[in-house]
Number of protein chains: 2
Amino acid sequence: MDKSALLELDNQLCFALYACSREVTKLYRPFLDELGITYTQYVTLLALWEKDEVAVKELGRRLYLDSGTLTPLLKKLEGLKLLRRERDPQDERSVIVRLTPEGRALKERAAEIPERVFCQTSLTPEGIESLRDQLRKLTVEAHTQSCDAGL
Amino acid sequence: MDKSALLELDNQLCFALYACSREVTKLYRPFLDELGITYTQYVTLLALWEKDEVAVKELGRRLYLDSGTLTPLLKKLEGLKLLRRERDPQDERSVIVRLTPEGRALKERAAEIPERVFCQTSLTPEGIESLRDQLRKLTVEAHTQSCDAGL
DNA sequence: ACCACATAAATTGCATGCAATTAAATTGCA
DNA sequence: TGCAATTTAATTGCATGCAATTTATGTGGT
């Protein structure tokens, strides 16, 4: 690549990621508004629908979020009666998150959201899978680098 | 795909994007700390290094950001003496953003950041280009959809 | 048992993002 | 010309993200 092009906005993978993530998230908003939740609350529920009764710590590992983000978010979802937060009797440092019946029930109403969102794009199922797998790989690499740097 | 897998977190392209964007952004932090700027300030400067003397509106189009985000961000950069904000005499509704000499000079110090970041990954230049182009296409599609929906 | 160290959440402070509203300026058209 | 509709920034309010610190709890070694 031309040296002078190295700093061009449209050549940056980081900016492509940053912009794409925000624009795709916006596609979810109309659907999530119907459920009365935000995008971050949605991915948190995705994680919990898959594996319930997890510590905040583990949820954070799964979502790449720390307690500074999760604590207020989980309190919000608790206020919506979608989950409960309780200290782990086995280890009082941990807080265990458990879906309520309402929280579990919301999964049915969310079931069709992914399809409805990606119908709006020209992506094929194969295209989605391929892109998703490339991103997952890069995410793990980037995360490993960040952690290594911190030592 | 299995029906029950439709809501699995690791099958979501949206989550792959969301997580990847944040993790890759974190790789920039150590480098940007040296320059005393944040990631959003960095991409704003990338846009301005490429095309200076633009209205806030156009900068927003370029970055997919609105004045609610840009106004405080540009005021911060103005406080750092990297740019100036002035009303357009031709159209007093617009605010024109202009880099200061210091703002322009910062480009030199930023020149090697993209390489240094992606050295930390296993991505090849071709892999970066390919991924970036897929994301750009999706970004434009998603943005178009959002705008259409708003009408 | 004691204590240094480690671990998990919560808290604090700051910087986004973005919807919604407001204020000022411009435009278009009757 | 006059004025309604439009356009651009700025403002407001709320929800993240995340670094850094604090608080509470657990662990390991002596």
Side-chain angles (χ1 to χ4, degrees), chain A residues 18-30 32-33 36-44 54-61 63-80 85-97 142-143 146-147 149-151, chain B residues 18-30 32-33 36-44 54-61 63-80 85-97 142-143 146-147 149-151:
Chain A
Y18 167 75
C20 193
S21 174
R22 286 184 293 113
E23 289 305 315
V24 167
T25 296
K26 275 183 210 165
L27 292 182
Y28 281 78
R29 196 173 310 280
L32 297 180
D33 282 349
I37 58 176
T38 65
Y39 181 75
T40 311
Q41 291 166 10
Y42 169 68
V43 293
T44 302
V54 290
V56 171
K57 187 72 179 180
E58 178 170 343
L59 206 48
R61 249 193 306 273
L63 298 169
Y64 297 93
L65 291 171
D66 70 4
S67 67
T69 301
L70 281 176
T71 295
L73 185 121
L74 293 170
K75 283 181 177 175
K76 192 90 47 180
L77 290 174
E78 190 175 36
L80 294 174
R85 296 158 57 250
E86 286 162 9
R87 288 281 165 184
D88 182 348
Q90 255 62 64
D91 183 344
E92 290 279 343
R93 289 171 306 178
S94 288
V95 165
I96 305 293
V97 180
H143 185 252
S146 292
C147 292
L151 297 184
Chain B
Y18 167 74
C20 193
S21 174
R22 287 184 293 113
E23 290 304 315
V24 168
T25 296
K26 275 182 213 166
L27 291 182
Y28 281 77
R29 196 174 311 278
L32 298 179
D33 281 349
I37 58 176
T38 64
Y39 181 75
T40 311
Q41 291 167 9
Y42 169 69
V43 293
T44 302
V54 290
V56 171
K57 187 72 180 181
E58 177 169 343
L59 206 48
R61 250 193 307 275
L63 299 169
Y64 298 93
L65 291 171
D66 71 3
S67 67
T69 301
L70 280 177
T71 296
L73 185 121
L74 293 170
K75 283 182 177 173
K76 191 91 45 180
L77 289 173
E78 190 174 35
L80 294 173
R85 295 157 58 249
E86 286 162 8
R87 288 281 162 184
D88 182 349
Q90 254 61 65
D91 183 344
E92 291 278 343
R93 290 171 304 180
S94 288
V95 166
I96 306 292
V97 180
H143 186 251
S146 293
C147 293
L151 296 183

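Below, read A as the first sequence line, B as the second, and so on, with proteins coming before strands; counting in each chain starts at 1. What's counted below: heavy atoms across the whole structure, side chains too, no hydrogens, waters or symmetry copies. Just so it is clear, the model here is predicted, and its values are computed rather than measured.
For the pair A/Glu23 and A/Lys26, the salt-bridge criterion is met [side-chain N within less than 4.0 Å of a carboxylate O].
As judged by a 4.0 angstrom heavy-atom cut-off over every strand, A/Ser94 is placed among residues touching the sugar-phosphate backbone only. If you check every strand for non-hydrogen atoms under 4.0 Å, A/Asp66 touches a base. Looking at heavy-atom distances under 4.0 Å, B/Thr69 makes contact with a base. Within 4.0 Å (heavy atoms only), B/Leu73 reaches sugar-phosphate atoms of the nucleic acid but no base atom.
Between the CD atom of A/Glu78 and the C1' atom of C/dA9 there is a distance of 14 Å, given to the nearest Å. Atom-to-atom, CD of B/Glu92 to C1' of C/dT27 comes out at 16 Å; the value is rounded to the nearest Å. With rounding to whole Å, B/Asp91 atom CG is found 17 Å from D/dT6 atom P. Counting to the nearest Å, the P atom of C/dC14 and the NZ atom of B/Lys76 are 9 Å from each other. Per the geometry, CG belonging to A/Leu70 stands 14 Å off P belonging to C/dT11, to the nearest Å. Atom CG of B/Leu59 is separated from atom P of C/dT16 by 13 Å (rounded to the nearest Å). Taking atom CD of residue A/Gln41 and atom C1' of nucleotide D/dA15, one finds them 8 Å apart after rounding to whole Å. Note: NZ (B/Lys26) to P (C/dA15) measures 18 Å, nearest angstrom.
The side chain of B/Arg29 approaches D/dC18 more closely than any other nucleotide in the set D/dC18, C/dT26, D/dA15. When distances are taken from the side chain of B/Arg93 to each of D/dT25, C/dT27, D/dT11, the shortest belongs to C/dT27. Comparing D/dC18, C/dA9, D/dA10 by their closest approach to the side chain of B/Arg22 singles out D/dC18. For B/Leu65, counting side-chain heavy atoms from C-beta on, the closest listed nucleotide (C/dC18, D/dA9, D/dT16) is C/dC18. Closest to the side chain of B/Thr71, from the set D/dT11, D/dT16, C/dA9, is D/dT11.
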Side chain to side chain contact (heavy atoms under 4.5 Å, CB included) evaluation trace for B/Thr38 with B/Lys76: CA-CA 11 Å; B/Thr38 64; B/Lys76 191 91 45 180; over 6 Å; no

Chi angles and distances behind the side chain to side chain contact (heavy atoms under 4.5 Å, CB included) call for B/Leu65, A/Arg22: CA-CA 10 Å; B/Leu65 291 171; A/Arg22 286 184 293 113; 3.3 Å; yes

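Remark: C/dA30 base-pairs with D/dT1. Criterion, Watson-Crick or G-U wobble with two distances under 3.5 Å. If you check C/dT21 for Watson-Crick or wobble pairing at under 3.5 angstrom, you find it paired to D/dA10.
Map B/Lys57 and A/Ser67 each onto its nearest nucleotide of DNA chain D; the residue landing nearer the 5' end is B/Lys57. Nearer the 5' end of DNA chain C, as judged by each residue's closest nucleotide, is the contact made by A/Arg87, out of B/Gly68 and A/Arg87. A residue-by-residue look at A/Asp88 and A/Tyr39 shows that A/Tyr39 has its nearest nucleotide of DNA chain D further toward the 5' end.
Regarding contacts with the backbone of C/dC18, every side-chain N or O of B/Tyr64 stays at 4.0 angstrom or more from both OP1 and OP2. Side-chain N/O atoms of A/Lys75 include one lying less than 4.0 angstrom from OP1 or OP2 on C/dT11.
With rounding to the nearest 0.5 angstrom, the OH atom of A/Tyr42 is 7.0 Å from the CG atom of A/Leu32. To the nearest 0.5 Å, atoms OH (A/Tyr64) and OG (B/Ser21) are separated by 13.5 Å. Distance check, rounded to the nearest 0.5 Å: CG of A/Leu80 to NZ of A/Lys75 gives 14.5 Å.
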